[in-house]
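Shown next, in structure tokens, is the structure this report addresses.
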Amino acid sequence: MKVVIVGGVAGGATAAARLRRLDESAEITVYEKSGYISYANCGLPYYIGGAIEDERDLTLQTPESFYARFRVNMQVNHEVIGIDTANKKVKVRDLASGKVFEKEYDKLLLSTGARPIKPAFSGIDDGRIFTLRNVEDTLALKKYITTVRPRTAVVVGGGFIGVEVAENLRKSGMNVTIVEAAPQLMAPFDGDMASFIHAEMVRNGVKLALGSMVDGFRDDGNTLSVLLKGGKSLACELCVLAIGVSPDTALAREAGLELGLKGSIVVNDRMETSAKDIYAVGDAVEIRHFVTGKRTLISLAGPANRQARIAADNIAGGDSRYNGGQGSSIIKVFSLTAASTGINERTAREAGIETQKVILSPLNHAGYYPGGTTMTMKVLFEKGSMKLVGAQIVGFDGVDKRIDVLATAIRAGMTAADLAELDLAYAPPYSSAKDPVNMAGFIAENLSRGIVRQWYVEQVDELPRDGSVVLLDTRTEEEFDRGHIDGFMNIPVDDLRERIGEIERGKRVYVICQSGLRSYIASRILAGYGIEAYNFAGGYRFYDTVVNDRACAASASACGRE
């Protein structure tokens with residue numbers, strides 16, 4: 001069996017290795033357009049910032065090492081320029097010599113990935129504008145930084161690559177501004193959770209120009225001006241375009257394969273395309289979202305590797321199936337870790353899924369053990385069924401563990417209340433006897449039983465200040481004096497029973513504390529006296545971060561915004 005694979009990075013290399021393990025006799029040839037195979041795409045920004053010092057560490061395999069281990073013919077600097085589906089041949093150009101030749105196949109796998117979006121802006125070809133998608137891009141950017149030593153940089157785009165590049169440029173000593181057309185960074189997160197990311201970027205000296213769109217570029221001699229719609233411009237000596245990627249499917253289109261979202265390749269759950277004996281995987285394909293059931297694009301290494309394994313199984317005569325992706329992801333933002341899985345509130349609304357949520361701010365491990373840090377968790381579940389649909393966490397240590405537990409729970413079809421039953425590992429340096437994931441389950445369980453009612457940050461401005469309801473802050477006097485929401489009275493939770501007469505009967509009470517725990521206790525005390533109480537989801541710490549972020553957006557110059 002002759003197998004040709006187009007693309008030798010995550011999907012292509014994984015498929016080639018898996019296929020060899022399944023079939024020792026197959027003739028496997030991989031054509032890779034760049035000069036590198038199996039490289040650490042996700043590590044590229046960290047080479048720019050110096051966390052990865054040796055460029056050789058970016059390459060997991062070479063054509064020689066791959067051949068020695070798997071006997072796969074890896075042809076770098078070779079571009080597949082055509083597919084003859086009828087005669088089962090590909091046309092290949094050797095980029096070094098210019099020679100064009102044909103190669104027959106029995107099975108063909110397309111792992112062509114995605115290309116950086118580079119709009120036709122005026123001045124887009126200026127040599128100070130870079131993208132970051134492959135090793136060659138990275139080496140060119142690193143060489144420019146080392147040679148020119150720019151002091152100012154603009155990163156266009158606030159997704160994974162944009163945020164990681166901005167951090168690493170800042171760590172290199174540059175003054176950095178991120179320009180993002182959306183009102184927030186990191187689209188997988190809801191705006192409230194993104195507030196923590198914004199605060200961390202600003203705290204580390206990165207300026208944010210959110211809700212700003214690039215209109216072009218202008219050469220001003222020693223500087224490059226990034227022109228924004230509305231007439232404003234930003235001067236810099238280096239610009240990195242990270243405004244997203246689009247499926248690289250010109251080859252598939254010319255071959256007549258069925259295409260879907262944004263020109264992506266349509267595949268079934270066996271990773272088969274519309275053409276016989278042609279498979280496709282990775283950033284180039286349209287898949288089913290595991291939570292919503294809708295067709296989507298997910299450009300992440302994990303799904304690409306799983307798809308490649310499934311395609312290889314099926315090429316070798318098996319029957320493996322891909323059941324969809326849920327977009328589990330994690331990112332380092334200076335000292336902060338931010339992670340998400342499943343869908344957020346915005347995506348749920350678009351999909352017609354009515355959700356409920358719990359927001360909590362637990363410590364990463366036992367409070368009495370030194371070095372504990374707070375994380376903020378937002379867990380979404382379907383109203384009625386309570387089936388988990390998404391989660392977002394920002395914090396420091398232990399975020400990765402909790403998001404993976406929640407991602408597994410979503411994949412298993414668990415409900416939010418089921419989280420209370422998970423038997424998770426505990427020792428004081430690592431967790432608490434009630435793990436943060438368990439705590440999310442306890443809150444959801446209380447909601448389902450009517451033991452607690454919640455109110456949310458988006459309701460703050462809607463709360464009556466005319467005395468028709470009681471607004472109660474149950475933190476200590478010292479905490480209250482350091483900052484509180486206008487219109488709230490202060491009765492510390494430990495004094496509430498003795499001061500219960502200060503709460504007017506017959507009125508609904510909206511309660512808040514620092515994290516949500518003391519206000520929950522206060523809500524139960526009030527319920528015991530026959531008073532209807534609502535607990536604030538997330539606590540004052542959450543409220544303060546979100547509201548400060550919104551204030552910064554309204555008064556940008558005062559908050560490290562552009």
Side-chain angles (χ1 to χ4, degrees), residues 188-196 289-294 326-328 339-362 375-394 402-403 405-422 434-463 508-513 515-517 519-524 527 532-539 541-543 546:
F189 294 83
D190 286 312
D192 50 9
M193 297 296 284
S195 297
F196 292 88
H289 197 288
F290 181 78
V291 174
T292 67
K294 297 181 180 296
Q326 64 196 66
S328 300
S340 69
T341 186
I343 60 176
N344 57 24
E345 288 188 274
R346 180 182 61 256
T347 304
R349 285 193 296 270
E350 293 170 354
I353 300 173
E354 192 174 0
T355 60
Q356 289 181 283
K357 59 190 172 187
V358 296
I359 302 170
L360 58 159
S361 300
M375 65 179 71
T376 301
M377 301 174 61
K378 182 176 187 178
V379 178
L380 300 179
F381 49 96
E382 189 175 31
K383 193 171 184 179
S385 72
M386 296 190 73
K387 184 177 180 180
L388 288 164
V389 297
Q392 302 157 52
I393 311 177
V394 291
R402 275 69 186 209
I403 204 68
V405 171
L406 289 163
T408 304
I410 291 172
R411 182 63 58 157
M414 294 173 65
T415 69
D418 289 337
L419 299 177
E421 298 298 321
L422 293 178
K434 302 176 205 175
D435 188 86
V437 174
N438 295 136
M439 292 298 297
F442 296 152
I443 298 171
E445 188 178 58
N446 284 341
L447 283 172
S448 69
R449 295 179 179 179
I451 293 172
V452 67
R453 300 181 180 91
Q454 292 190 135
W455 65 284
Y456 305 99
V457 67
E458 54 265 31
Q459 296 174 268
V460 170
D461 293 336
E462 301 170 4
L463 291 179
R508 183 177 295 176
V509 182
Y510 291 87
V511 195
I512 192 170
C513 72
S515 68
L517 176 58
S519 52
Y520 163 61
I521 294 169
S523 296
R524 293 308 304 153
E532 184 179 352
Y534 290 77
N535 186 29
F536 182 76
R541 173 182 169 274
F542 180 78
Y543 161 85
V546 174

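This one's a predicted model, so the numbers in the text were calculated from it and none came from an experiment. Only this structure's heavy atoms are used, side chains among them; waters, hydrogens and symmetry mates stay out.
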Of all heavy-atom pairs between Ser328 and Thr341, which one has the smallest distance, and what is that distance?
OG-OG1, 2.7 Å
Test item: side-chain donor near acceptor, Ser361 and Ser515, under 3.5 Å:
no
Only one of Tyr534, Tyr543, Tyr510 forms a ring pair (Phe, Tyr, Trp, His ring centres under 6.0 Å) with Trp455, so which one is it?
Tyr510
Return yes if some donor-acceptor pair links the side-chain N/O of Asp435 with the main-chain N/O of Val437 below 3.5 Å, else return no.
yes
Nearest atoms (heavy-atom pairs only) where Pro436 meets Arg402
CD-NH2, 3.5 Å
Heavy-atom closest pair, residues Met377 and Pro362:
SD-CG, 3.9 Å
Test item: Gln459 side-chain N/O and Tyr456 main-chain N/O as donor-acceptor pair under 3.5 Å
yes
Test side-chain hydrogen bond (donor to acceptor under 3.5 Å, both in side chains), reference Asp190, set Arg346, Lys357, Lys378, output is Lys378
Rounded to the nearest 0.5 Å, what separates atom OG1 in Thr292 from atom CD in Gln326?
11.0 Å
Shortest non-hydrogen contact from Thr376 toward Arg541:
OG1-NH1, 2.6 Å
Would you mind checking if Lys294 and Glu350 are paired as a salt bridge, meaning a charged N to carboxylate O distance below 4.0 Å?
no
Short side-chain donor-acceptor distance under 3.5 Å, Asn344 and Thr347:
yes
Begin with the C-alpha distance, continue with both residues' side-chain angles, and end with the deciding distance and a verdict on side chain to side chain contact (heavy atoms under 4.5 Å, CB included) for Leu388 and Leu419.
CA-CA 10 Å; Leu388 288 164; Leu419 299 177; 3.8 Å; yes
For Ile451, does its backbone N or O pair with a side-chain atom of Arg524 as donor and acceptor, under 3.5 Å?
yes
Under 4.5 Å between any side-chain heavy atoms of Phe542 and Leu360, yes or no?
no
Using atom types as modelled and distance alone, determine if a side-chain donor or acceptor of Gln454 lies under 3.5 Å from a backbone N or O of Val358.
no
Calculate, to the nearest 0.5 Å, the distance between atoms CZ and CG belonging to Arg411 and Leu406 respectively.
14.0 Å
Asp192 and Ser195: CA distance, side-chain angles, deciding distance, side-chain hydrogen bond (donor to acceptor under 3.5 Å, both in side chains) verdict
CA-CA 5 Å; Asp192 50 9; Ser195 297; over 6 Å; no
Suppose we screen for salt bridge (charged side-chain N to carboxylate O under 4.0 Å, His left out). Which residues come up paired with Arg453, at least two apart in sequence or across chains?
none
Report yes or no: do Tyr520 and Asn446 form a side-chain donor-acceptor pair below 3.5 Å?
yes
On a heavy-atom basis, the closest approach of Ala417 and Ala444 is N-CB, 4.2 Å
Which atom of Ala533 lies closest to which atom of Val511, heavy atoms considered:
CB-CG2, 4.3 Å
To the nearest 0.5 Å, atom CD1 of Ile443 lies from atom CD of Gln356 at 13.0 Å
Which of Ile353, Val389, Val291, Ile410 passes side chain to side chain contact (heavy atoms under 4.5 Å, CB included) with Leu380? Answer is Val389
Please list all pairs meeting salt bridge (Lys or Arg N to Asp or Glu O under 4.0 Å) that have one or both residues in residues 380-391, counting only residues at least two apart or in different chains.
Glu354-Lys383
Nearest 0.5 Å, please: how far is CD1 in Ile343 from CZ in Phe290?
12.0 Å
